[in-house]
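No experiment lies behind these values; they were computed from the predicted model shown. Only this structure's heavy atoms are used, side chains among them; waters, hydrogens and symmetry mates stay out. Below, chain A is the first sequence line, B the second, and so on; all start at residue 1.
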Amino acid sequence: MTIAPHDQTRGDSTPYIEDGLSASLSRNEVASLCMKAARGAGMSWGLAEEAGFAAAWLVQHGINGPSHLYAHLDQAQGRPWGDLCPTVSPGAWEAPAGRALCPIALGATLCDYAELPEGIKARSSLEIGKVDHPVLLIPFLAVIAASNDLLIDIVWTGGMVTLDGRSDTLMHAAHALAGQQVPITLTARSGKPQAATPGKVPKISAEIIAALNTLAMRTTVPSSESSRAGAGSTTTDND
Amino acid sequence: MSQSAHDATSQTAPFRRPASEVMHLDRIGCSHPTRLSFLRSMLRRLHRENWKVDRPVWEVDATGSGHAVYRTRCGDRTYSLVAFAHDLPEDMRSDRVIATAWDATFTLFDGEPTQADIVRLRDNVPLQEAGRITTRELTLARANRSVRLFHHVVGALSQGLQPDPAEIADIGYLMRTTAVYGSGKFGAADRSDIADRPELAAPFQVEMLTVWLIRAFTVDIVEHMAVVQGGDRAVRLDRDLRRSLGVGNSTGLGMAPFIVRHPVLLNNWMIAREEALARVRAQSGATQPAVAGLRVALDAAIENARVWTSQHPLQVPKLAALRDDLRMLSDTVDTWDFGQPLPWDALWRWSVDVLSLEGQEALLSIMLEPHGDLVDDLADCMSADEAPSFRIDGAMCVRDLRTILKQNYSWALSIDFTTPENIARFWYVSEEKLEPRLGERATEEGATLEQPLCIARLVAELDETLQERDEDEPVAAVLLAHPEHRYVMRRVQIAQNHPFAEVQDNLISADMLPIDLLRCKLSFFGATRFDPRSDRWVRINLFQGAPFPDEIEQGYLP
């Protein structure tokens with residue numbers, strides 16, 4: 001039996017890659033890899049879980065969540081929380097002066113405030129300052145829309161999409177909001193979004209997987225002899 | 001789902017043990033498998049639904065290399081275990097997750113594999129973590145021989161003899177699995193894609209099916225090798241001896257964090273088991289068949305304790321206590337007045353006064369055994385859709401959050417995290433293998449990369465922050481100011497409606513034993529012969545005494 005040198009549990013992403021270019025990951029793998037990468041890039045554990053959720057949600061709906069997340073993490077890593085989080089007030093949320101909001105922190109906070117006066121409400125608009133990679137907001141808005149029976153419009157200079165649960169609208173929104181850094185306005189009205197249908201599983205590029213892996217490995221500790229010793233058998237298993 | 005086991009039958013409420021009694025390491029570290037364990041509920045389903053199992057492919061050569069397919073059919077679905085047998089040099093045999101080669105490797109295929117599937121799987125499954133499977137596969141697993149028993153059994157059968165029953169009893173398995181991966185690992189199907197199939201709805205059903213079919217493979221491969229060695233003289237393994245073989249398993253620290261990371265699931269497992277005990281205790285009388293069934297289960301437990309061996313200093317005294325307890329229990333049951341009001345509850349109360357934790361938890365399992373009609377439906381309440389509890393209720397005010405802390409986390413808030421012994425350890429993930437490990441804070445590097453597994457300390461930190469906040473403030477505002485509390489905030493809100501969600505002990509203290517976490521989880525799988533090899537890894541046995549595929553129709557159930 002030949003033993004390949006690479007191993008996914010040793011932080012080597014080579015086995016993921018089917019044709020040297022890209023790979024399909026299970027949603028569990030996406031959530032897990034992206035959570036660790038977000039943590040490695042400096043997010044708190046709880047926010048890193050939100051990043052994993054968002055990436056897996058996008059993949060489930062046919063959108064390359066890991067790629068969008070990496071683009072954001074690469075840009076935002078190392079920035080202090082105060083530079084990434086919104087100032088919250090009814091009708092208008094702001095980014096710190098001269099900064100763009102982290103879409104994961106913003107999305108999670110929008111969910112946290114969904115039942116509060118400062119949150120998204122039917123028949124009202126919420127102005128939000130500049131947002132990095134607003135495509136990553138979509139999973140959070142979809143959760144709010146589904147649980148509060150809202151149809152949410154995302155409006156930015158030069159464009160608008162309604163999150164109504166339809167696949168084609170979703171793909172359009174993802175395409176339009178990818179790679180952007182724009183101020184947005186969220187407008188909501190009562191209505192039941194369609195249950196979102198799963199999309200075709202996107203292929204994730206080898207570079208993105210490797211880059212996320214590199215961030216994820218920052219959460220790990222180099223092994224010492226003492227740690228290895230107690231974790232399992234230290235003698236032969238020929239018994 | 002989480003509350004269904006409790007809400008449905010409020011008349012059992014007075015007989016329920018509170019989480020504060022159940023959820024401690026010393027007690028969950030004495031957990032015994034029950035009839036609600038996942039391998040037991042799977043076998044009941046296989047029998048009830050008349051699943052058909054056969055082995056359409058056996059292409060293994062004289063060196064013991066090749067592949068086989070085990071096919072299980074239920075209704076219009078088929079699941080196939082694809083087994084690859086290897087001729088492994090002895091110097092490569094390691095049960096560690098860091099091993100790179102095994103005696104046999106496996107995958108559970110969703111459907112019936114084509115020749116092209118087999119070719120694809122042959123290129124990947126033997127590599128395990130260094131290979132890649134697809135959404136057509138549900139699990140990935142590997143196993144190593146118990147060299148001593150494997151050779152003994154092959155040798156005996158090849159000469160037309162049956163193996164020595166004492167040798168079989170001593171080891172109990174021909175092969176040990178190490179990891180059995182599921183839930184989307186290495187490209188496999190996600191749990192959420194299969195969780196709506198009734199036969200897979202309960203937890204770990206694909207993993208249990210995989211191991212049960214591996215067990216059949218382990219016997220087929222020794223019988224095959226016996227024919228290779230002995231030709232016409234070779235005989236098949238005696239069916240009673242065969243049934244006493246399970247599948248071994250080596251499990252280390254990697255499994256320990258699971259029950260901490262899945263609070264809703266842990267809650268549902270615990271609540272189902274505790275409700276089952278409460279239902280039995282709540283009965284006003286005892287039928288003659290139930291009393292007879294208790295005796296049978298007790299005798300089986302006594303026999304199990306007799307043959308259950310361990311050399312480990314942590315387990316030896318526990319086993320001695322268990323044997324003493326079972327002896328006392330046996331004498332007591334012989335003269336017990338089952339005509340008294342609430343006879344089961346009285347027996348339980350007696351045990352709490354007299355028996356060690358090992359004996360009490362063993363009695364729980366024994367008391368459920370003759371009450372299948374009363375408790376087996378609870379096995380349907382043990383899965384969990386974790387997605388709904390992911391969202392934080394940001395509108396909850398600080399006052400209400402602090403009430404949850406007081407009600408559910410007083411055990412955590414009473415721990416002094418300023419003393420060295422209470423923060424002696426830290427959980428981390430190794431760079432080497434991305435597996436969870438436990439470090440010594442005082443002497444090892446890496447504590448800055450600590451994993452959030454000590455819930456008690458995270459709760460204490462949250463509590464400290466909350467003391468500074470306005471009681472009427474929504475927790476959304478707290479999280480905006482303190483993103484570091486988002487992880488534990490989620491848990492605290494989960495605990496509000498899931499009283500058994502937390503292991504109520506300090507998971508980084510100097511005297512914490514990871515094997516207690518392992519035993520808890522493994523008992524829900526249905527594992528027996530828990531045999532610690534250190535404070536952080538164990539060997540166990542799965543499916544010992546259970547029917548083989550060709551026996552499942554006969555209705556023989558463990």
Side-chain angles (χ1 to χ4, degrees), chain A residues 1-12 15-16 18 23-29 36 43-50 53 81 85-86 88 105 108-109 111-116 118-119 143 147 201 216-224 226-228 230-233 236-239, chain B residues 86 90 93-97 100-101 126-127 129-132 135 144 146-148 183-192 250 252-253 390-392 394-395 428-435 437-439 444-446 449 452 474 476 479-480 483-487 489-490 533-537:
Chain A
M1 192 168 112
T2 56
I3 301 303
H6 46 232
D7 176 341
Q8 294 152 88
T9 65
R10 298 180 188 199
D12 185 340
Y16 287 126
E18 290 141 17
S24 300
L25 272 56
S26 73
R27 293 191 299 287
N28 187 18
E29 285 176 310
K36 291 172 194 161
M43 283 191 193
S44 74
W45 283 112
L47 269 178
E49 287 180 316
E50 303 281 357
F53 151 78
W81 171 248
C85 78
V88 170
T109 307
C111 288
D112 293 347
Y113 276 91
E115 308 296 333
L116 291 164
E118 297 89 340
V143 165
S147 54
V201 179
M217 290 305 286
R218 290 189 194 167
T219 65
T220 65
V221 177
S223 270
S224 63
S226 59
S227 78
R228 215 175 288 143
S233 173
T236 169
D237 286 309
N238 287 305
D239 60 347
Chain B
H86 310 291
E90 293 218 341
R93 187 172 292 111
S94 165
D95 290 355
R96 295 292 304 275
V97 75
T100 52
L127 300 177
E129 293 95 332
R132 191 75 185 154
T135 53
N144 281 333
S146 163
V147 176
R148 179 157 65 98
S183 300
K185 299 266 172 53
F186 311 112
D190 275 298
R191 163 81 186 153
S192 51
S250 290
L253 269 183
F390 185 70
R391 278 294 134 226
I392 289 170
Y428 66 92
V429 172
S430 75
E431 181 187 75
E432 177 183 48
K433 188 65 186 178
L434 302 188
E435 66 164 357
R437 298 250 172 99
L438 197 56
E444 285 180 52
E445 299 289 315
L449 293 164
L479 288 177
L480 201 52
E484 71 275 16
H485 292 316
R486 173 171 287 275
Y487 178 87
M489 185 84 77
R490 215 186 306 280
R533 297 305 177 102
S534 82
D535 66 344
R536 48 192 83 178
W537 77 278

Winner by heavy-atom pair count (cut-off under 4.5 Å) against chain B, out of A:Ala108, A:Cys85, A:Ala48: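 Most pairs with chain B among the choices: A:Ala108.
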
Top contributor to chain B contacts, counting heavy-atom pairs under 4.5 Å, from A:Arg218, A:Glu118, A:Met43, A:Glu50: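 Most pairs with chain B among the choices: A:Glu50.
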
Among the listed options B:Glu484, B:Arg391, B:Glu445, the residue most often paired with chain A at heavy-atom distances under 4.5 Å: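 Heavy-atom pair counts peak at B:Arg391.
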
Most contacts with chain A, counted as non-hydrogen pairs under 4.5 angstrom, among B:Ile392, B:Asp190, B:Thr135: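 Greatest number of close heavy-atom pairs with chain A: B:Asp190.
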
Under 3.5 Å donor-acceptor, A:Glu115 side chain and B:Gly394 backbone: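 Not a single qualifying donor-acceptor pair exists.
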
Polar side-chain atom of A:Trp81 near backbone of B:Leu480 as donor-acceptor pair, under 3.5 Å: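 Here the side-chain-to-backbone pair exists.
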
side-chain hydrogen bond (donor to acceptor under 3.5 Å, both in side chains) partners of A:Thr109, counting only residues at least two apart: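 For A:Thr109, no residue satisfies side-chain hydrogen bond (donor to acceptor under 3.5 Å, both in side chains) once neighbours in sequence are set aside.
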
Partners meeting side-chain hydrogen bond (donor to acceptor under 3.5 Å, both in side chains) with B:Arg191 (sequence neighbours left out):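 None.
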
Proximity breakdown for B:Ala189 and chain A, heavy-atom pairs closer than 4.5 Å: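 Neither; nothing under 4.5 Å.
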
Structural part of B:Pro474 lying under 4.5 Å from a heavy atom of chain A: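 For B:Pro474, the contact with chain A is made by the side chain alone.
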
Where do [X] and [Y] come nearest, in terms of heavy atoms and distance?
| X | Y | value |
| --- | --- | --- |
| A:Ser26 | B:Ala188 | CB-O, 3.5 Å |
| B:Lys185 | A:Glu29 | C-OE2, 4.2 Å |
| B:Phe390 | A:Glu49 | CZ-O, 3.7 Å |
| B:Ser192 | A:Arg27 | OG-NH2, 2.6 Å |

Pairwise distance CG(B:Leu479) to SG(A:Cys111) - rounded to 0.5 angstrom: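 Those atoms lie 12.0 Å apart.
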
Spatial distance of atom OG1 (A:Thr220) from atom CD (B:Glu435) [nearest 0.5 Å]: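 Here the rounded value is 12.0 Å.
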
Per-residue contact mode, A:Val143 against chain B (heavy atom under 4.5 angstrom):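 A:Val143 touches chain B through side-chain heavy atoms alone.
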
